[in-house]
Protein chains: 2
Amino acid sequence: MTVRYEPLVTESLAKQVAEKIRGSITDGRLKADDQLPTEEELAQQFQVSRPTIREALKRLAAQSLIRSRRGPSGGTFVNRPSQEEVRSNLTTATALLVSLGEFSIPEILEARQDLELVCIRHAAQRREEPELAVMREEIEIQERSTVSDTDFCASDVRFHRAIADASHNPVLQFAMFTVIEALQPIENMVVFHVRQRDMIVKQHKKILAALSERKAGAAAQAVTEQMEYLRARFDEAHELRRARISA
Amino acid sequence: MTVRYEPLVTESLAKQVAEKIRGSITDGRLKADDQLPTEEELAQQFQVSRPTIREALKRLAAQSLIRSRRGPSGGTFVNRPSQEEVRSNLTTATALLVSLGEFSIPEILEARQDLELVCIRHAAQRREEPELAVMREEIEIQERSTVSDTDFCASDVRFHRAIADASHNPVLQFAMFTVIEALQPIENMVVFHVRQRDMIVKQHKKILAALSERKAGAAAQAVTEQMEYLRARFDEAHELRRARISA
DNA sequence: TTTAATTAATTTGCTTGACAAATATTATAT
DNA sequence: ATATAATATTTGTCAAGCAAATTAATTAAA
């Protein structure tokens, strides 16, 4: 008699259950807003206890693949993950990688320059009034001398996100946002240490002007200028740190 | 007497606990490989039950922020998330967004062309033997007529990942991998429906040759060619589908 | 004395059973 | 007919305990 061996399973039950359910979502058997069976029923189907089912569901909830509501019409439903949610998950993960030193500063700067150049070329073609309005607004904030360093940096992030938005390609936005967020702590360092806001604002104005007139070349030029400026400031900071260490 | 109101909390306990712990990881109070208190101790500290703590930990485990091991020397530890893990999480999330139609096919194709052009310019400068070897190997696989459609697509993905690798910028790799993975199901469609492998292999050879000789212009040209070819095939497929529907 | 096997201790993994809280439905009273 | 109250359903939480894995300590044997 032939025996079909099941694969040896060492994964935890909760993880297996989570994978099974995740599978039925990703392969389309469960669509957005579909309702899952109740925890009780799932427990029976998988032949595990309810807390185990709950651990599995929490894994999925952590990736905002599902949402739960209490009550008779409640239950667990497949989530339609918004780009926002996915992006925020991605951002925390990326920030962690950065903080662990997986990416070096020059690498981040290079990637950011490359990606922003791609975005700005499309932006020069496709930018609409709303994005220009955001940029104008942020420049105004950045010009106020009363604005704190933290707020200045936050405004800077919003300005560059507006550039990504103006590309009107959500995939590029997605990639760009990640790099912008990843760069933020580093950018904070610069602003805090170097305190050269005027230059940055001047460059932002140049970018805005070029986009307003749909001049792709000038916009690319302005972006390149700013990135080279940032790079120089970072090199300075690096020199300073080395000097301090060796002293 | 003045009263300080705590913010009204409607989030579930498990979620709050997870956020607290996540916070102490992302702000650096807990570093990689640090050990968390036992579930029992956490339950006491947060004044909740152990299953609630476990649900919280599972949320974090789902994002591979922590790992657990049983036994006396076991416990829960802060994970040093590898790029692989973060990427695989990101990939499933992105695939879901694609399957939900958050990104259109032309948008994905455009982003992929732009990003791959960025990668290939760096690759022409920095490519090393290992990446060229991978490309050669994959081309060889793709030339075999016995290879299944699925395997052909998988090899294609590996080929393009090698291009991203050759850029030697992990941030770009990160962004590029996402888009490649996102495109894969669509690419499968093309190969399955159009069955034009020769052309793709020919283009891959052109890319490899240009990279071998470090000719950035030729490499960019070859990439553009392939992307325009794919775009044309997709338009055809789209035409076909529309024709079928209207018929 | 050294080495191997056994035992004990610790920590996560899982189960059972129960109650609390939220929320829609249904029944009741005005 | 409408407002209110009771009820049923489902997730959220708790409690206590056993199982499994794994290391450290202990004991027995060579």
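First the proteins, then the strands, lettered A, B, ... as listed; each starts at 1. In this text the structure is predicted, and so the values were computed from the model without any measurement.
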A:E110/B:R126 salt bridge by N-O under 4.0 Å criterion: yes
Rounding to an integer number of Å, can you tell me how far A:E55 CD sits from C:dT12 C1'? 10 Å
Where the side chain of A:D114 meets the backbone of A:A111, is there a donor-acceptor pair that is under 3.5 Å apart? no
Under 4.0 angstrom between B:T76 side-chain N/O and C:dT12 OP1 or OP2: yes
Can you tell me the distance, in whole Å, between the CZ atom of B:R50 and the P atom of D:dA15? 13 Å
Nearest-angstrom distance from the residue atom CZ of B:R67 to C1' of D:dA21: 17 Å
5'-most contact on DNA chain C (nearest-nucleotide basis), B:E40 vs B:P51, goes to B:E40
Would you say B:T52 places a side-chain N or O within less than 4.0 Å of OP1 or OP2 belonging to D:dG12? no
Let me know, please, whether A:A14 or A:P72 comes out on the 5' side of the other along DNA chain C by nearest nucleotide. A:A14
Cation-pi between A:R87 and A:F174: NZ/CZ under 6.0 Å from ring centre and within 45° of the ring axis? no
Looking at D:dC14, C:dC14, C:dA21, which one has an atom nearest to any side-chain atom of B:L13? D:dC14
Check the phosphate of D:dG12 against A:K58, side-chain N and O only, distance under 4.0 Å to OP1 or OP2. Yes or no? yes
Both B:I53 and A:Q35 contact DNA chain D. Taking the nearest nucleotide for each, which residue is further toward the 5' end? A:Q35
OP1, OP2 of D:dG12 versus side-chain N and O of A:R54: anything below 4.0 Å? yes
In this structure, how many angstroms lie between the P atom of D:dC18 and the CZ atom of B:R70, rounded? 17 Å
Taking atom C1' of C:dT11 as reference, at what distance in whole Å does atom CG of B:L42 sit? 12 Å
With a 3.5 Å cut-off and no angle check, do the side chains of A:R161 and A:Q173 form a donor-acceptor pair? no
Mind calculating the distance between CD (B:E39) and P (C:dT12) to the nearest angstrom? 5 Å
Atom-pair distance (CZ on B:R69; P on D:dA24), nearest Å: 10 Å
Would you say C:dT25 has OP1 or OP2 under 4.0 Å from some side-chain N or O of A:S73? no
Can you tell me how far apart CD (A:E138) and NE2 (A:H160) are? Round to the nearest 0.5 Å. 10.5 Å
Measure CD/A:Q16 against C1'/C:dC14 and give the value in whole Å, please. 13 Å
